[in-house]
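Read the structure below first, then the notes.
These numbers come from a predicted model, not from an experiment. Counting starts at 1 for both ligands and their atoms, in listed order.
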Amino acid sequence: MGWNSWNWFADHVTQEDVKRAADLLVSSGMRDAGYVYVNIDDTWQGKRDQNGVLHANEKFPDMKALADYVHSKGLKLGIYSSPGDQTCARYEGSLGHEQQDADLYASWGIDFLKYDLCSLRRKMLADAPGNKPKQNEIMHDAYEKMHQALLKTGRPMVYSLCQYGYDAVWQWGPEVGGNMWRTTEDISADFNSIALIGRQQAGLAKYAGPGHWNDPDMLEVGNGQLTADENRLHMGMWAMLAAPLLAGNNLTKLTPEVSAILTNREVIAIDQDPLGKPAERIFAEGPIEIWARPLADGGRAVAVINFGEDENFLRGITLHLKEAGVDGSMTARDVWAGKDLGTIDEHDRFSVKRHCILLLRFRKAG
Ligand code: GLA
């Protein structure tokens, strides 16, 4: 869990923005809710010197001092690069300098690396035209190369693979040391993007677990024109998916409403549940889906989500308790409402409004 600069600052991010984000993670209570990584995304890079050593650009005058500052706040610092010669924003990538870059990150005190395919894709296509298996091999090797470089530094760093799910990365991500891997193209701060990416996670639960997670991309909670319902749906669904929670909003404009959504302890507890089993989709009919996941205490989290547009949609839905693994003796709590509901009968019907999520936590009796 943490915060990443891209979704809000994009290519405008500066050292000052990152320091302020660190301050605000602490003062807002987000750090204490679990958001500890402060991740600088693309556009921090400058040029390499004659020895090939990369320097940060003028917007990041002192990375080591920045890392010290972030660490002094009880936080960790993340950074970004690409296995290609250029990042997606066309800054310097790590191709041919993997060990040098990994050593540089370690010397600064970096704790997390997001490694974004970007221009390596062009190279894959150029080096092995029409040969998909060979292209994929180039990609695997590139991710493995940085994995080995990171290990060689001796400094533990979370290794975040970002290649938009190509070649079913969930099947080979752990082999190249990935602690998390993006499963889709980029998210954006609009409901359709969030709904599309959320729904694309169906079938992927079995590939994730402690230490290696599916990453449906960073949170847009608090960005764009998302309503409170949409922010709750986004956060609630990402918690069901056991997704890495990397907030991507402007913390200098954090409203009490957005703060309450991002720091809801019961929602975070579902996301971070120690069993580490993401939800699977157990029911889908039109815009309505039900997702369920088992929890370490023997209970279940169940989410009923309405992705539809119809304002007047009021047809009651049963919870499909059996498929969700809920037995009749379990008691339910409406997590976003903070309300205990007691036991639920399999015939009980629930209505979920447009762009809303009903997030329930079931506990064993006694
Ligand atoms: C890609 C990634 C994004 C972001 C940008 C930065 O699009 O998927 O998350 O890192 O690059 O250029």
Side-chain angles (χ1 to χ4, degrees), residues 1-15 17-18 21 35 37-47 54 56-57 59-60 63 76-95 101 105 110-125 139 142-143 146 157-170 173 176 178-190 192-194 196-198 200-201 204 213-224 226 234 238 241 243-250:
M1 292 173 67
W3 176 88
N4 172 295
S5 60
W6 187 256
N7 284 356
W8 174 259
F9 289 103
D11 53 350
H12 299 295
V13 68
T14 66
Q15 174 173 289
D17 296 327
V18 175
Y35 295 86
Y37 286 89
V38 183
N39 292 350
I40 307 168
D41 208 277
D42 206 350
T43 74
W44 63 267
Q45 308 87 337
K47 296 276 163 250
L54 183 59
N57 62 39
K59 293 193 283 175
F60 289 87
M63 265 313 180
K76 293 170 186 284
L77 188 65
I79 211 153
Y80 168 101
S81 189
S82 169
D85 59 349
Q86 281 189 332
T87 67
C88 294
R90 299 188 175 272
Y91 284 64
E92 189 74 24
S94 291
L95 183 69
D101 287 359
Y105 308 149
I110 295 293
D111 307 293
F112 181 114
L113 173 66
K114 172 173 170 182
Y115 209 42
D116 193 349
L117 189 68
C118 305
S119 65
L120 190 82
R121 184 158 160 74
R122 284 201 296 277
K123 187 170 157 54
M124 285 153 53
L125 298 174
M139 177 169 61
Y143 278 93
M146 183 51 95
M157 291 183 232
V158 172
Y159 189 28
S160 165
L161 314 187
C162 178
Q163 42 79 283
Y164 341 114
Y166 291 156
D167 191 32
V169 63
W170 40 89
V176 297
N179 299 116
M180 51 197 267
W181 46 81
R182 280 271 299 279
T183 53
T184 67
E185 299 290 341
D186 290 13
I187 199 166
S188 60
D190 73 75
N192 289 337
S193 162
I194 291 162
L196 177 72
I197 288 181
Q200 283 174 342
Q201 306 309 304
L204 299 186
W213 304 101
N214 295 318
D215 174 12
D217 209 353
M218 304 172 291
L219 294 171
E220 292 282 11
V221 173
N223 283 342
L226 297 173
H234 181 17
W238 264 231
L241 295 169
L245 297 179
L246 292 170
N249 55 322
N250 178 3

**Message:** Would you say that Y159 contacts Y143 through its side chain, given a criterion of any heavy-atom pair below 4.5 Å between the two side chains?
**Reply:** yes
**Message:** Between D190 and S193, do the side chains contain a donor N or O and an acceptor N or O under 3.5 Å apart?
**Reply:** no
**Prompt:** Would a 4.5 Å heavy-atom cut-off, applied to side chains only, mark E92 and Q86 as touching?
**Reply:** no
**Complete:** Min over D116, D42, N39, N4 of heavy-atom distance to atom 11 (O) of ligand 1 lands on D116
**Complete:** Note: ligand 1 atoms sitting under 4.0 Å from heavy atoms of C88 are 1 (C), 11 (O), 12 (O)
**Asked** At the 4.0 Å heavy-atom cut-off, does T87 count as touching ligand 1?
**Response** no
**Complete:** of all protein heavy atoms, closest to atom 9 (O) of ligand 1 is K114 NZ, 2.8 Å
**Message:** Among all the protein's non-hydrogen atoms, which is closest to atom 4 (C) of ligand 1, and how far away is it?
**Reply:** D41 OD1, 3.4 Å
**Asked** Taking it one step at a time, do D42 and W6 satisfy side chain to side chain contact (heavy atoms under 4.5 Å, CB included)?
**Response** CA-CA 7 Å; D42 206 350; W6 187 256; 3.8 Å; yes
**Prompt:** Taking C-beta and beyond as the side chain, do Y164 and D116 meet within less than 4.5 Å on heavy atoms?
**Reply:** yes
**Asked** Within less than 4.0 angstrom of ligand 1, does R182 place any heavy atom?
**Response** yes
**Message:** I need the nearest protein heavy-atom contact for atom 8 (O) of ligand 1: residue, atom name and distance, please.
**Reply:** D186 OD1, 2.5 Å
**Request:** Would you mind running through ligand 1 and noting each atom that sits below 4.0 Å from a heavy atom of Y164?
**Result:** 8 (O)
**Item:** Element-labelled atoms of ligand 1 that are located less than 4.0 Å from some non-hydrogen atom of A89
**Value:** 12 (O)
**Prompt:** Which heavy atom of the protein is the closest neighbour of atom 5 (C) of ligand 1, given with residue, atom name and distance?
**Reply:** W6 CE2, 3.6 Å
**Prompt:** Distance only, no hydrogens: is a donor on one side chain within 3.5 Å (strictly under) of an acceptor on the other, for S5 and D41?
**Reply:** no
**Request:** Would you check if M146 and S94 make a side-chain contact, meaning some heavy-atom pair closer than 4.5 Å?
**Result:** yes
**Asked** Does the side chain of T183 come within less than 4.5 Å of Q200's, by heavy atoms?
**Response** no
**Complete:** The answer for which part of C118 has a heavy atom under 4.0 Å from ligand 1 is neither
